[in-house]
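My questions will all concern the structure given below.
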Amino acid sequence: MVCFITPSAFATGPAGRGMRDYLRRTCDEGWIINLSPEGQRSDVATRVFPHVAQPLSICVFVRRADHDSERPARIHYRALQGRRADKFAQLREVRLDDGGWRDAHARGVRPFTPATLSGWDDYPALDEVFPWGSPGNKTNRSWVTSPSDAVLKRRWARLIGETDLEVKAQLFKETDSRSLDSRPVGLPGFAHPDRCMIDESHSGPRLLRVGLRSFDRQWLIADHRVIDRPRAELWESLQPGQVFLNQQSSHEISSGPALVATALLPDTHHFNGRGGRVHPVLHPDGSANVPTGLLRYLVGALGLGELTVHDLAAYAVAVAGHSGFTEHFAEELLTPGVRLPLTRDPVLWSEAVRVGREFLWAATYGDAGTPPAGQESGQESVAFPAGDPRQVRYETSIGSTVPDTLGYDAETGTLRVGPGTFTGVPPEVWNYEVGGMNVIKKWFGYRKASPTSRKTSPLDDIHVTSWPREWTEELIDLLSVLRRLVDLAPVQQALTTKIVGSPVVTVTDLMSAGVLPPQPGATRARRRVVLDFGEPDAS
């Protein structure tokens with residue numbers, strides 16, 4: 001018998017998969033005690049070791065004298081819930097032969113989490129339907145993003161104007177990937193000055209609107225010299241019609257939608273501040289990011305005349321982009337990664353695409369999808385028009401002083417931002433979460449007088465000195481977006497229930513048709529040929 005504590009029982013990376021495969025092949029039976037069902041960076045009070053933020057498990061494995069190498073080990077699973085003292089109390093009562101265990105997945109590389117009887121494993125995974133994925137843009141320095149473009153210009157000017165090299169390096173926040181004298185490869189489609197940052201004198205940085213967190217649009221200094229891992233293929237894929245689907249692929253989620261979307265370049269922590277996996281709908285060359293033959297197979301299975309990759313993306317968010325999906329598949333999502341039940345019913349499919357296009361229109365602030373009936377396509381704002389009972393009303397001015405308090409009155413549906421008030425905000429909007437991240441509170445945290453965002457440099461202390469009028473308009477848009485999604489959620493939940501109960505396209509079906517596994521190279525971006533000579537060097 002061997003007993004050890006490890007984070008790899010649930011890890012999705014190569015090391016975790018390799019360890020699990022080895023244990024299943026070389027042992028006869030195993031017992032997994034999940035000490036951290038709350039996930040990565042959980043509340044300190046729930047951690048068995050206060051300073052260890054990683055999910056941990058106790059693993060007990062046995063190999064018997066009559067071991068059969070052809071038969072994989074049977075794995076049992078249980079989770080300990082509550083605060084640290086509660087978990088230790090539960091642990092003292094655990095016995096290997098008591099009734100608190102459940103069988104885990106039997107496949108060699110699947111995480112040691114409970115197997116289910118819902119048919120979940122028959123559904124294709126999101127990363128099989130949209131095989132090219134990316135971790136997202138990773139800056140590794142907070143000062144290069146801000147809700148205010150003016151703040152980024154001030155930070156840049158402060159950095160460029162510093163003459164003390166030691167101070168300048170501290171302001172820049174040097175890493176193994178980027179330093180003041182590094183000369184990284186340029187970003188596709190963006191000017192890439194040949195000089196390193198230590199020699200930079202131009203006072204005007206190039207800025208790009210990005211998706212920093214779910215539904216939170218911020219600004220980024222679009223300069224390869226200040227971004228550690230920009231994921232060049234993502235930058236190259238920015239084009240009209242692009243939509244980025246984002247799932248939490250490394251941690252379990254228990255609340256909010258299992259899938260979100262943005263039309264902006266997504267940050268590596270876009271989903272809920274804890275990593276994730278971005279799946280662009282289009283490759284950089286404009287082709288659909290789907291396995292060869294998938295769209296054609298679905299057209300035949302559904303009896304439709306045509307089907308586009310944007311229809312498939314709309315279907316995906318209609319089915320998985322609401323809390324009802326996460327609640328329905330709560331046990332299944334203990335193993336990170338979304339799976340899509342693809343209905344064979346053309347009526348359900350068409351309705352899901354319609355709802356999903358409306359979801360995408362709201363989630364991307366009108367940049368993608370289709371507006372609901374009565375809403376002008378191309379309208380600048382997703383806010384409800386005057387006279388609509390769902391309209392968010394800005395009743396009391398926030399004023400010019402940057403507020404530091406946020407509050408909500410459920411009885412009156414009033415959101416308070418400092419002295420400012422917004423009415424027409426239902427509790428469901430105020431409580432809207434993505435993977436445990438409250439969207440409104442997170443949005444305000446980046447903008448309040450004392451921002452709660454992570455600081456990596458003294459440049460992070462440069463913040464707005466007065467509340468911008470644009471932020472009030474953006475908050476109204478955010479509240480309107482969340483209201484639209486809240487209103488869509490019951491329709492989505494009813495659709496998902498019908499789809500799960502309908503005949504579906506299974507992984508076996510797609511494998512028999514030669515659609516899965518995806519063709520070699522499908523997980524890599526298909527790049528377009530670009531002759532990029534940069535822009536004239538500004539000085």
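Just so it is clear, the model here is predicted, and its values are computed rather than measured. Each residue takes its place number in the sequence, starting with 1.
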Answer yes when R64 and E29 have at least one side-chain N-carboxylate O distance shorter than 4.0 Å, and no when they do not.
->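 Salt bridge present between R64 and E29.
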
Could you tell me whether a side-chain N or O of H269 sits under 3.5 Å from a main-chain N or O of G275, the two making a donor and an acceptor?
->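 Side chain of H269 to backbone of G275, a donor-acceptor pair under 3.5 Å: yes, one is there.
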
D86 (side chain) donor-acceptor with R83 (main chain) under 3.5 angstrom =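 Yes, because the side chain of D86 sits within donor-acceptor range (under 3.5 Å) of the backbone of R83.
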
Could you tell me which residues satisfy side-chain contact (heavy atoms from CB on, under 4.5 Å) with S512, sequence neighbours excluded, listed by chain and number?
->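 Residues passing side-chain contact (heavy atoms from CB on, under 4.5 Å) with S512: T508.
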
Just how far is it from atom CZ of R217 to atom OG1 of T364, taken to the nearest 0.5 Å?
->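 Nearest 0.5 Å value for the CZ-OG1 distance: 9.5 Å.
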
Is there a side chain to side chain contact (heavy atoms under 4.5 Å, CB included) between F359 and H322 once you walk through the steps?
-> CA-CA 10 Å; F359 177 102; H322 60 100; over 6 Å; no

Does a side-chain N-to-carboxylate-O contact under 4.0 Å join R209 and D367?
->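 Here R209 does not pair with D367 in a salt bridge, since their nearest N and O are not under 4.0 Å apart.
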
Parallel, tilted or perpendicular: rings of Y123 and F329 (30°, 60°) =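 If you compare the ring of F329 with that of Y123, the planes turn out perpendicular.
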
Answer yes or no: is there a donor N or O on one side and an acceptor on the other, between the side chain of W235 and the main chain of P230, under 3.5 Å?
->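 Here the side-chain-to-backbone pair exists.
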
Heavy-atom donor-acceptor pair, T262 side chain to L264 backbone, under 3.5 Å =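 Pair found, side chain donor or acceptor close to backbone of L264.
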
Between D122 (side chain) and T506 (backbone), is there a donor-acceptor pair under 3.5 Å?
->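 Judged by distance alone, no pair lies under 3.5 Å.
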
Shortest non-hydrogen contact from H279 to Q247?
->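 Between these two residues, the closest heavy atoms are NE2-NE2, 3.2 Å.
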
Is the charged tip of R483 near the ring of Y432: under 6.0 Å from the six-membered ring centre and within 45° of its axis?
->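 Cation-pi check for R483 and Y432: fails.
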
For L406 and V417, what are the C-alpha separation, side-chain angles and deciding distance, and is it a side chain to side chain contact (heavy atoms under 4.5 Å, CB included)?
-> CA-CA 5 Å; L406 182 73; V417 182; 3.8 Å; yes

Do S255 and E433 have side-chain N/O donor and acceptor atoms under 3.5 Å apart?
->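 Judged by distance alone, the side chains do pair up.
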
N/O donor-acceptor pair under 3.5 Å between Y408 side chain and N431 backbone |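 No; judged by distance alone, with no hydrogens or angles, the pair does not exist.
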
How long is the gap from CG on L312 to CG on L340, to the nearest 0.5 Å?
->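 L312 atom CG to L340 atom CG measures 7.5 Å (nearest 0.5 Å).
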
With under 30° as parallel and over 60° as perpendicular, where do the rings of W101 and W31 fit, or are they tilted in between?
->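 W101 vs W31 ring planes: perpendicular.
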
Looking only at non-hydrogen atoms, find the nearest pair between R277 and N246 and report the distance.
->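 Answer, listing the atom of R277 first, then N246: O-OD1, 3.0 Å.
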
Are T496 and H328 close enough that a side-chain donor and a side-chain acceptor fall under 3.5 Å?
->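 Per modelled atom types, T496 and H328 side chains form no pair under 3.5 Å.
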
Roughly how far, to the nearest 0.5 Å, is the CG atom of L245 from the CG atom of D127?
->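 Nearest 0.5 Å value for the CG-CG distance: 12.0 Å.
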
Count the heavy atoms belonging to other residues, nucleotides or ligands that lie under 6.0 Å from CZ of R296, then report whether that count exceeds 12.
->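 Result for CZ/R296: open.
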
Looking at CG of L265 and OG of S134, how far apart are the two atoms once the value is rounded to the nearest 0.5 Å?
->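 Between atom CG of L265 and atom OG of S134 there are 9.0 Å.
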
Side chains of S287 and R526: do they bring a donor and an acceptor to under 3.5 Å?
->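 A donor-acceptor contact under 3.5 Å links the two side chains.
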
Considering the options N34, L91, V94, which one meets the side chain to side chain contact (heavy atoms under 4.5 Å, CB included) requirement together with I58?
->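 The single option meeting the side chain to side chain contact (heavy atoms under 4.5 Å, CB included) with I58 is L91.
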
Euclidean distance, Q242 CD relative to H310 NE2, rounded to 0.5 Å =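 Here the rounded value is 7.0 Å.
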
Do the side chain of R454 and the main chain of S142 share a donor and acceptor less than 3.5 angstrom apart?
->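 Not a single qualifying donor-acceptor pair exists.
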
Sidechain-backbone polar pair: S36 side chain, L56 backbone, donor-acceptor under 3.5 Å =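 Here the side-chain-to-backbone pair exists.
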
Lys/Arg-Asp/Glu bridge criterion (N-O < 4.0 Å) met for R344, D509 |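 Looking at D509 together with R344, the answer is yes, because their closest N to O distance falls below 4.0 Å.
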
Under the side chain to side chain contact (heavy atoms under 4.5 Å, CB included) criterion, do V278 and F130 qualify, and how do the steps go?
-> CA-CA 10 Å; V278 176; F130 300 96; over 6 Å; no

Search all heavy atoms of Y77 against all heavy atoms of A104 and return the closest pair with its distance.
->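 Y77 and A104 have their closest heavy atoms at CB-CB, 4.4 Å.
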
For the student: nearest non-hydrogen atoms of K448 and G445, plus distance =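 Heavy-atom minimum between the residues: CG-O, 3.9 Å.
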
Check side-chain contact (heavy atoms from CB on, under 4.5 Å) between V481 and all other residues, then give those that pass, not counting sequence neighbours.
->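 F215, Y365, V382, L485.
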
Report the C-alpha distance between V439 and D216 in whole Å, list the side-chain angles of each, state the deciding distance to 0.1 Å, and finish with yes or no for side chain to side chain contact (heavy atoms under 4.5 Å, CB included).
-> CA-CA 8 Å; V439 171; D216 189 353; over 6 Å; no

How are the rings of F112 and F61 set relative to one another: parallel (under 30°), tilted (30 to 60°) or perpendicular (over 60°)?
->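 It falls in the tilted class, 30° to 60°.
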
Which pair of non-hydrogen atoms, one from I75 and one from I32, has the smallest distance, and what is that distance?
->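 Minimum heavy-atom contact is CG2-CG1, 3.7 Å.
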
In Å and rounded to the nearest 0.5 Å, what is the CG to OG1 distance from D228 to T139?
->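 That separation rounds to 7.5 Å.
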
Quick one: are D311 and L304 in side-chain contact, heavy atoms under 4.5 Å?
->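 They are not in contact (no side-chain heavy atoms under 4.5 Å apart), so the answer is no.
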
Can any side-chain N or O of R231 pair as donor or acceptor with the backbone N or O of N137 at less than 3.5 Å?
->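 Pair absent, no side-chain N/O of R231 close to backbone of N137.
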
Any idea which heavy atoms bring V507 and L516 closest together, and the distance?
->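 Nearest heavy atoms, V507 then L516: CG1-CD1, 4.4 Å.
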
